[in-house]
Amino acid sequence: MSQGLEVNKSPSFKVTLKLAEALDMQPPVMPEDGHTTRLTSGEETVSSASGKDSSVEPVWDDEDTRAFYECFPDLRAFVPAVLLGETEPKVNEQSVKSQDQPTEILPESDKSQLITFESGEGSTESNVLPEGESTERVDDKEEKEKSKDLDIDKEKEKENEKKGENDKEKLRSVEGTNLDALLQRLPGCVSRDLIDQLTVEFCYLNSKSNRKKLVRALFSVPRTSLELLAYYSRMVATLSTCMKDVSSLLLQMLEEEFNFLINKKDQMNIETKIRNIRFIGELCKFKVAPAGLVFSCLKACLDDFSHHNIDVACNLLETCGRFLYRSPETSIRMGNMLEMMLLPFIVQFILHAKLL
């Protein structure tokens, strides 16, 4: 099969023919290209991207935008490793090593010394035991003293435990108030410096429960405050360098909300749908959300390309469409999705032209 026939079988060329017939014009001559299908494997994508000219448009428009989406503050330089939860494995390893050390094999000379020492102890014990009742009384006194000491130690431990629990409750109450104050400052972080400072401050309140509270606060961003999504996404991307569960929890909540909204198929809550999809798009630009998630959301909209699904798809492309199209790893797939999206508009235009 010739190369020209392959071009003539492409969907874009068929649409061009229909448009030319509707307008009574000659169809343009399509360039011969071996990559008409634009569906290739990952290796071919990388090789084709590397073979492009240096005139290809960069992913980011300027250096400030690139720094915003790619350069994050190093939390390990500002926050102690203990607060980031990175020193616990080392402590555990050291304790395991200390437990393993007594089980090391001793040399034969040490073994012989231990044997002679134990035999000497046995001989002394055998010499002391026959002394009679005096040794028994001494042993009874020692046992009573030991039992008293144990009781005293237990009481002290109970008191220390109570004090520790009280201290923990105080710390929790203090952390709770600090976290609430921090979360109240979130909507005011409308610059890169403010959101980075708030991210570092959160690390000093780091705990599993506080991370969940933070994710819920980020997820419940006001649907009319779309300008906050980029800064919230930057905070998630920065924290994900040390706290992986923050990004995974947020992505799970956003994906579940998207599936719920698109399966409901009602023409309500358009602002919530737009907030959801733009949040996913911003996380994609920070490389927190995988590109596969974005393409699956876009395909779900294209499968039923009507009503609110059109608005959702357009907002997704407005947020991260150019990023995906200019990125070498997703350029070909994004081009395919754009062709699929443009076909309904072209068909409607042709039908409208025929009616005229």
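We number each residue from 1, following the sequence as shown.
Proximity of a side-chain donor or acceptor of Arg223 to a complementary backbone N or O of Glu271 within less than 3.5 Å is not detected. No donor-acceptor pair under 3.5 Å is formed between the side chain of Thr199 and the backbone N or O of Met235. The main-chain N or O of Thr65 is found under 3.5 Å from a side-chain atom of Asp62 such that the two form a donor-acceptor pair. For Ser247 (side chain) and Lys244 (main-chain N/O), a donor-acceptor pair under 3.5 Å exists by modelled atom type.
When every heavy atom of Trp60 is checked against every heavy atom of Lys285, the shortest pair comes out as CH2-O, 3.9 Å. In plain terms, the two heavy atoms of Thr330 and Ala291 that are nearest each other are CG2-CB, 3.8 Å. Across every non-hydrogen atom of Leu84 and Met243, the tightest pair is CD2-CE, 4.0 Å. The two residues Phe279 and Phe219 come nearest to each other via the heavy atoms CE1-CA, 4.5 Å. In this structure, Leu75 and Thr238 approach most closely via the heavy-atom pair CD1-O, 3.6 Å. Counting all heavy atoms, side chain and backbone alike, Phe68 lies closest to Ala230 at CZ-O, 3.8 Å.
Ile277 places none of its side-chain heavy atoms less than 4.5 Å from the side chain of Leu254. Between Leu317 and Met334 there is a side-chain heavy-atom pair separated by less than 4.5 Å. Counting only heavy atoms from C-beta outward, the side chains of Ser248 and Asp245 approach each other to under 4.5 Å. Counting only heavy atoms from C-beta outward, the side chains of Phe258 and Leu293 never approach each other to under 4.5 Å. Side-chain atoms of Cys203 and Glu201, non-hydrogen and from C-beta on, never get closer than 4.5 Å to each other. Contact annotation: the side chain of Ser233 never approaches that of Tyr69 to less than 4.5 Å [non-hydrogen atoms, C-beta and beyond]. The closest side-chain heavy-atom distance from Phe286 to Val236 is not below 4.5 Å.
For Arg211, the CZ atom sits in a packed shell: over 12 heavy atoms of surrounding residues, nucleotides or ligands are nearer than 6.0 Å.
For Tyr231 and Glu282, the side-chain atoms include no donor-acceptor pair closer than 3.5 Å. Side chains of Ser306 and Asp304: a donor on one and an acceptor on the other come within 3.5 Å. A donor-acceptor pair shorter than 3.5 Å can be found between the side chains of Asn210 and Ser207.
Distance check, rounded to the nearest 0.5 Å: OH of Tyr325 to OG of Ser331 gives 5.5 Å. To the nearest 0.5 Å, atom CD1 of residue Ile262 and atom NZ of residue Lys264 are 14.0 Å apart. Interatomic distance, Asp193 CG to Gln197 CD, rounded to the nearest 0.5 Å: 8.5 Å. Here the straight-line distance linking atom CD1 of Ile280 with atom CG of Leu251 works out to 8.0 Å at 0.5 Å rounding. With values rounded to the nearest 0.5 angstrom, Arg216 atom CZ is found 9.0 Å from Leu249 atom CG. The distance from the CZ atom of Phe72 to the CG atom of Leu239 is 11.0 Å, given to the nearest 0.5 Å.
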Report task. Check step by step if salt bridge (charged side-chain N to carboxylate O under 4.0 Å, His left out) holds for Arg275 and Glu257. Result -> CA-CA 11 Å; Arg275 181 208 62 183; Glu257 184 185 40; 2.7 Å; yes

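Every pair tested for salt bridge (charged side-chain N to carboxylate O under 4.0 Å, His left out) that includes a residue from residues 246-255 fails, sequence neighbours excluded, so the list is empty.
Checked options Val288, Leu229, Thr319; the residue passing with Leu283 is Val288 (criterion: side-chain contact (heavy atoms from CB on, under 4.5 Å)). Screening Val221, Leu228, Leu194, Leu214 for a side-chain contact (heavy atoms from CB on, under 4.5 Å) involving Leu186 leaves a single residue, Leu214.
A salt bridge links Asp196 with Arg234: at least one charged nitrogen is closer than 4.0 Å to a carboxylate oxygen. Salt bridge status for Arg326 with Asp61: present, with a side-chain N to carboxylate O gap under 4.0 Å. Glu318 has a carboxylate O that lies under 4.0 Å from a charged side-chain N of Arg278, or vice versa, which qualifies the two as a salt bridge. Using a 4.0 Å cut-off between charged side-chain N and carboxylate O, Asp303 and Lys299 make a salt bridge. A salt bridge does not link Lys273 to Asp311: none of the charged nitrogens lies less than 4.0 Å from a carboxylate oxygen.
Partners of Ala313 according to the side chain to side chain contact (heavy atoms under 4.5 Å, CB included) rule, which considers only residues two or more places apart in sequence or in another chain, are Leu298, Cys301, Phe305, Met341.
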